[in-house]
Protein chains: 2
Amino acid sequence: MAEDFSLGTVKVALSPLARLEEYLRSRGMRMTQQRRCLLDHVFSRHEHFDADSLIEQMPSSGREGHVSRPTVYRTLNEFVDAGLLRRFQLGGRSMYEHDYGYPQHDHLHCLECQKLIEFKSDELLELRSHVARENRFHVTGHRLIISGICEDCRRGQRRMRRRAGVG
Amino acid sequence: MAEDFSLGTVKVALSPLARLEEYLRSRGMRMTQQRRCLLDHVFSRHEHFDADSLIEQMPSSGREGHVSRPTVYRTLNEFVDAGLLRRFQLGGRSMYEHDYGYPQHDHLHCLECQKLIEFKSDELLELRSHVARENRFHVTGHRLIISGICEDCRRGQRRMRRRAGVG
DNA sequence: CTCAGTGCAAATAGTTTGCACTGAC
DNA sequence: GTCAGTGCAAACTATTTGCACTGAG
């Protein structure tokens, strides 16, 4: 219990699994195969994803480890509540990314290939609290997406990806 | 035709109507009662709105000036193409605001009453181009939404509005 | 008089829900 | 054994589309 886990760059006291267990226990909810499968899958890589691409990547119906569509949606909502995932909207669909153990960041969004590029900016956080103070506003979070064309696409490798998903 | 129109704070050479007419002409599209009604309504106030609240505010079915739901959606898309409106996502639905003749700005979003408060920040634009340069990214736009609780709601006047819409 | 635009109803995409069965505790 | 969780099908919300009719040029 004294070990620190490093996911991305933020040190956290618990693994995502332990964190989920804690969350579930505190709410009288149960740890199930489905929740564990989804957690494993989601935290096995740092990636932006939507419900659909997650479902595609998981074992398909009938196979070991399959999770039904409604359960995927339900569980993603739980993970967001548990502080494990962050949700944001991109082009009308919900996108998810790691929240727990992963530093706050923002995105460049390529309109050509849909790629998301992460960046971090302390200035933005300053700007945020400055604006909030001016407007007597109590900030809980923010979302900045800068859209445009990435370098690869400007060089001509166009329309190579259809969905967001960053390596 | 030499008159300048001031909408918000940016001076533009054409009224929104003239701008739309130009856009339509350039595409072989026609000026119709529906397009004119929607344009009038949309540019009669500076407001954030979604398709649903626009439809609610327009004359209802049967009455003079009514526009059907599909046409509202079609026309909003055209207005976005024409550079008259800007579209952004908020809680899974499309929100629209003036683009033409209205200065670039961003929003504080109250999670309690759904109110949107506009703010403008030149620093943000600097930050934007800085980040873009670092990532060799060609920027075409951005969207920043800072979420939290507005002053009114912190003072206890809660859940008074259901939809976004700022006076 | 022609072709773009409209309204209607139906389709679609993403997501959520009701319900009877299953399995974690 | 009990109650939370699941899968299924169906519902739901926001938006788009096909088609026959209407009206702007």
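Naming: A, B, ... by sequence-line order, numbering from 1 per chain. In what follows, every heavy atom counts, from backbone to side chain, and hydrogens, waters and symmetry copies are set aside.
Phosphate proximity of C:dT15 to A:Ser94: present, with a side-chain N or O under 4.0 Å from OP1 or OP2. In terms of phosphate contacts, B:Ser68 brings no side-chain nitrogen or oxygen within less than 4.0 Å of OP1 or OP2 of C:dC8.
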Under 3.5 Å, which donor-acceptor pairs link side chains of residues 122-134 of chain A to any protein atom two or more places apart or in another chain?
residue  : atom : partner  : partner atom : Å
A:Arg128 : NH1  : A:His142 : ND1          : 3.0
A:Ser129 : OG   : A:Leu125 : O            : 3.0
A:Ser129 : OG   : A:Glu126 : O            : 3.2

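Atom P of nucleotide D:dT15 and atom CG of B:Asp52 are separated by 8 Å, given to the nearest angstrom. Taking atom CZ of residue A:Arg27 and atom C1' of nucleotide D:dC3, one finds them 18 Å apart after rounding to whole Å. The distance from atom CG of A:Asp50 to atom P of C:dG14 is 8 Å, rounded to the nearest whole Å. Between the CE atom of B:Met95 and the C1' atom of D:dT13 there is a distance of 16 Å, rounded to whole Å. A:Asp81 has its CG atom 13 Å from the P atom of D:dG5, to the nearest Å. Rounding to whole angstrom units, CZ of residue A:Arg35 and P of D:dG7 are separated by 11 Å. Note: CZ (A:Phe49) to P (C:dT15) measures 12 Å, nearest angstrom. As a whole-Å value, the separation of B:Leu20 CG from C:dG5 C1' is 13 Å.
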| message | Across nucleotides 16-25 of chain C, 5' to 3', mark each nucleotide with B, S or - according to how protein heavy atoms within less than 4.0 Å reach it. | response | BBB----BBS

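With no hydrogens or angles considered, a side-chain donor-acceptor pair links B:Glu118 and B:Tyr102 at under 3.5 Å. With 3.5 Å as the limit, one finds a donor-acceptor pair spanning the side chains of A:Arg87 and A:Tyr96. Checking B:His66 against B:Gln34 by side-chain atom types alone, no donor-acceptor pair falls below 3.5 Å.
Annotation: side chain of A:Leu85 is in contact with side chain of A:Val42 (closest heavy-atom distance under 4.5 Å).
In this structure, the side chain to side chain donor-acceptor pair (under 3.5 Å) partners of A:Ser60, at least two apart in sequence or on a different chain, are A:Arg63.
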